[in-house]
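Structure first, commentary second.
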Amino acid sequence: MSYSTSKPKKAGTLNAYFKPAVRNNNNNNNNDNNNRSLSSSWRSISPLSNTQTQQQKSSATIDLTDNNSDDDDLIILDDIPKNAYRGSRANNSNSNSQQESFGSQGIQTQELSSTSKFRKEPSYNLDQRQKPFFSSYTFQTSHTTTSTFGVRGMSSSTTNDSYKNNSSNRVVPVERKVSQPSGMSLTDRLGSNVSHPIQGAGMVSSSSFGWKKTVDTSSSSSSSTTTTSGTKRGYSSITSSSSSSSAGWVSSTSTNKKKRELPATFITSASALGALNGKATKERTIGGFKSVTSSSSNKKSYGSNMSFYGNNNNTNNNNNRYSSNKRKNNNKSSYRPKLSAEQQKVFDIVVNERRSIFFTGSAGTGKSVLLRAIIDSLREKYPDGVAITAPTGIAACNINGSTIHSFAGIGLGQDPPMKLVQKVQSNKKASERWRRTRVLIIDEISMVDAELFDKIELIARTMKASQKPFGDIQLIVTGDFFQLPPVSRYGMARFAFESKCWSKVINKTIMLKQVFRQKDSEFVDILNEMRLGRLSEAAIQKFRSLSRTPQTYNMIEPTELYALRDQVDKSNTARLNGLPGDIRTFKAHDTGDKAKVEGCIAPEAVHLKKDAQVMLLKNMDQTLVNGSLGIVVGFVGDEKYNTLTDIRRCMPPSKFSGAQSSEIEPDLESMKSQQWPIVQFTDGREVLMESEQWSIELPGGEVVASRTQIPLMLAWAMSIHKSQGQTLESVRVDLGKVFEKGQAYVALSRATSLEGLQILNFDESKVMAHERVATFYQNLDTV
Ligand SMILES: Nc1ncnc2c1ncn2[C@@H]1O[C@H](COP(=O)(O)OP(=O)(O)OP(=O)(O)O)[C@@H](O)[C@H]1O
């Protein structure tokens, strides 16, 4: 690898652009130390002051070459004063005083001038799963100004070693926003930003992410402030699909008719590359945006293996110390906590020891977080071989997987076992899917009945032509049997642990003990009593005392949870009708198998008004995630959202933010005609919501069904079933119509605190647990 001061002309060159940030560095005389400690200081960056914001205008263009030679990490900074920056991926221990080693991977840089430094920093510190070719860069033009930017290229199917030699998995710029509100540390922001998941096997989620910016930069002499001499800015969003998956939901941006023919943020890999190369030549309207596509000839690689996720995680399991994102709905935050010791233990057993396992734990013990970590890591290992499933459409959607029925190819699964086997055998695609599967993940196992579990096991053995349990497929099963039970047509179903094959296929069961969702030990204790269906008098009194109005923490009203969908609809409709103004209706555009689309989390019709409370159904960045709550503040075309400036201000993070001019820009007229809603989220951001696409894809990419809809649903109220997996700060639970064992527990355990929880119609007789489940749990190991 070498760094040069001239622009590479090789094919495959990417232009990567950075938006400078300003490090809050008050000690101008401590530059050497600063440089040494950049990693830590950079990650603890403070929100920008006004002065710093001025400084932030500094920017530069950086090119990253993409080739397979030694210099594939070539980095060139144009227009930077004293523009000689050199760095190398260190593989020596030479302690040249001008070289600095960063972190355990030994990335080094060389300072080539007294005032300008460039340092390449891999993101492993921020997210250990991220591949090295997501890199964060810090560029220091003076003692007080540090510019950062990020470049990422992700693939679900590459290993750390292979990425360098695989030009199809190259870098794409991702904007770093140091000025985001939130008070979060940059570590959090970057950590989570880079961590948007590649969805687990089973769902190729394509989501837009990317931008383009070309900026001339100059430094203002020797002062600490750099200024921008001219700005030209464009954005391109890149959508791609991970290349391997089992059947599953795919979340991507809109493809719709006419002006929504393609996702607004969708650009094919080729055009994305071209745009990145600055070779864009062709303009077209994509959704509400004008898109410029590229004439670049080197169109081959970028896209098919890259995935950009506002909503999904990609991973890099460097050393099995893992941090992870939430798999279900991602709730309040998509930041990836470091796994606890017990989570890590389970992770090791699954990933390193390759054991078939059932891990469980009460609500909030981090099963989702752990599962995400496991999925990400296993997909690294077996890009084509990880099937991610759940028993219901919503649960599957939450983990971006497919239903177990859909994956297995068994339709409703009600036929006798041998008939189902024949059915799968005669289905070429399903057979192929089974043959490829090395790991089968089943989430929300409490809702899988024993009969189905046995049938799946038989099919697995047959399709893998092996008499070993599950045909030697590694089985990873998780969930909490104290939560929602299987739905049965004939009375009480048997649980999966009561199946004939359970004890043969699961060779390790582990219960996670540490509760993360609730911090208050009193709350944790009474929830545990409730889980077991055995409430003490003190717990009953406590729950009764919670009928008062709950605390709220922002503009969001408490989320109401009901047992029945009718109750939910009634509440949401009443609230909507109570608002002044016209209802705007957004109808979904469905394709393919309608029955399959019904499981989609996005509603068929979304009715909105200004001031409606809504939930985001798609991840957009680290804070705007599936599960984020917000308020509709208007619609494109309203007085407040009527100009290009207004629109740009509200661009989703994956598209625009404060663009001056661009190669892809909002098509105002189109947007006005669509009347896209603008939602204000709890972090204060107002974000335009245009349609997105969810689709069910089989491995190999065949789309069997899709839904295009705005990623919102009314969220004054939601069903307890839908709330499973959610974390809610302020919640009002109505237990009046609870009918299922485990239902009350699921509802109450969504709350993070007693202060934020209100319980209506509390009745201890509604707190029920299955004795068989309780017995089963008495025998589980803990780590
Ligand atoms: N290792 C960890 N460190 C810090 N926070 C964590 C950790 N693991 C999980 N959490 C947090 O705890 C909360 C609950 O996690 P998670 O949703 O994974 O639990 P769960 O067991 O799946 O819950 P449920 O069964 O109710 O769906 C989330 O806010 C998550 O971010």
Side-chain angles (χ1 to χ4, degrees), residues 127-129 184 187-188 191-192 195 197 200 313 321-347 358-376 390-392 394-399 441-447 476-485 510-520 523-524 527-528 530-531 561 619 622-623 625-628 718 720-729 731 733 742-753 756-757 773 777 782-783:
D127 181 342
Q128 293 171 354
R129 288 168 301 160
M184 243 194 305
T187 303
D188 286 341
S192 54
S195 71
N313 289 352
R321 300 300 307 180
Y322 225 96
S323 59
S324 176
N325 195 3
K326 228 182 130 48
R327 82 188 191 281
K328 300 171 195 165
N329 283 349
N330 290 321
N331 300 330
K332 290 287 164 200
S333 159
S334 65
Y335 99 100
R336 296 163 162 248
K338 189 174 172 223
L339 293 189
S340 65
E342 62 177 5
Q343 287 171 320
Q344 187 65 44
K345 185 78 196 291
V346 176
F347 177 92
F358 164 54
F359 66 87
T360 183
S362 60
T365 47
K367 299 182 294 295
S368 302
V369 164
L370 173 57
L371 184 66
R372 168 56 64 199
I374 289 170
I375 288 171
D376 291 344
T392 66
I394 286 176
C397 201
N398 283 340
I399 53 168
I441 290 171
I442 308 178
D443 192 14
E444 303 294 3
I445 188 68
S446 66
M447 296 163 88
I476 299 162
V477 172
T478 187
D480 177 12
F481 284 108
F482 281 109
Q483 296 188 34
L484 299 172
I510 293 180
M511 184 146 80
L512 299 172
K513 286 288 196 190
Q514 188 177 353
V515 176
F516 293 100
R517 185 174 290 130
Q518 295 89 15
K519 306 280 177 248
D520 174 356
F523 193 16
V524 171
L527 281 176
N528 277 334
M530 185 176 206
R531 180 166 182 262
L561 297 185
N619 298 346
Q622 62 273 32
T623 51
V625 296
N626 191 344
S628 295
M718 87 176 74
I720 295 173
H721 270 78
K722 251 187 193 164
S723 78
Q724 198 170 20
Q726 293 281 348
T727 298
L728 299 167
E729 282 183 337
V731 54
V733 180
Q743 220 173 5
Y745 172 65
V746 167
L748 269 53
S749 61
R750 300 308 99 199
T752 53
S753 68
L757 172 64
V773 173
Y777 269 76
T782 56
V783 272

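Order of appearance sets the numbers: ligands from 1, and atoms from 1 within every ligand. Values below: all heavy atoms of this structure, side chains included; hydrogens, waters and symmetry mates excluded.
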Atoms of ligand 1 less than 4.0 Å from K338 heavy atoms? 1 (N), 2 (C), 3 (N)

Just which atoms of ligand 1 are under 4.0 Å from any heavy atom in T365? 19 (O), 21 (O)

Counting from 1 in the order shown, the ligand 1 atoms closer than 4.0 Å to a non-hydrogen atom of R750 are 24 (P), 26 (O), 27 (O)

Donor + acceptor pair across side chains of Q726, S723 (<3.5 Å): no

Name of the residue among T478, I375, V477 meeting side chain to side chain contact (heavy atoms under 4.5 Å, CB included) with I441: I375

Ligand-residue contact atoms, ligand 1 with P337, heavy atoms, under 4.0 Å: 2 (C), 3 (N), 4 (C), 5 (N), 6 (C), 7 (C)

Is there a heavy atom in G364 that sits closer than 4.0 Å to ligand 1? yes

contact_flag R372 ligand 1 heavy-atom lt 4.0 Å: no

Measuring from the heavy atoms of G725, does anything fall under 4.0 Å of ligand 1? yes

Numbered atoms and elements of ligand 1 in range of S340, under 4.0 angstrom, heavy atoms: 1 (N)

Quick one: does F516 get an N or O within less than 3.5 Å of an N or O on ligand 1? no

Please report the shortest heavy-atom distance between T360 and G479, naming the atom on each side. OG1-O, 2.6 Å

For the pair Y777 and F358, name the ring-plane relationship: parallel under 30°, tilted 30 to 60°, perpendicular over 60°. perpendicular

Specify side chain, backbone, both or neither for Q724, according to which of its non-hydrogen atoms lie closer than 4.0 Å to ligand 1. neither

Does D480 have a heavy atom less than 4.0 Å from any atom of ligand 1? no

Between ligand 1 and Q726, can you find any atom pair, the residue atom being a heavy atom, that is separated by under 4.0 Å? no

Heavy-atom proximity to atom 22 (O) of ligand 1, picking from S362, G361, S368, points to S368

Under the ring pair (Phe, Tyr, Trp, His ring centres under 6.0 Å) rule, collect the residues that match up with Y745, sequence neighbours excluded. none

Any residue meeting side chain to side chain donor-acceptor pair (under 3.5 Å) with R531, in chain and number order, not counting sequence neighbours: D480

Side chains of Q514 and E342: donor-acceptor distance under 3.5 Å anywhere? no

Polar side-chain atom of S753 near backbone of G756 as donor-acceptor pair, under 3.5 Å: yes

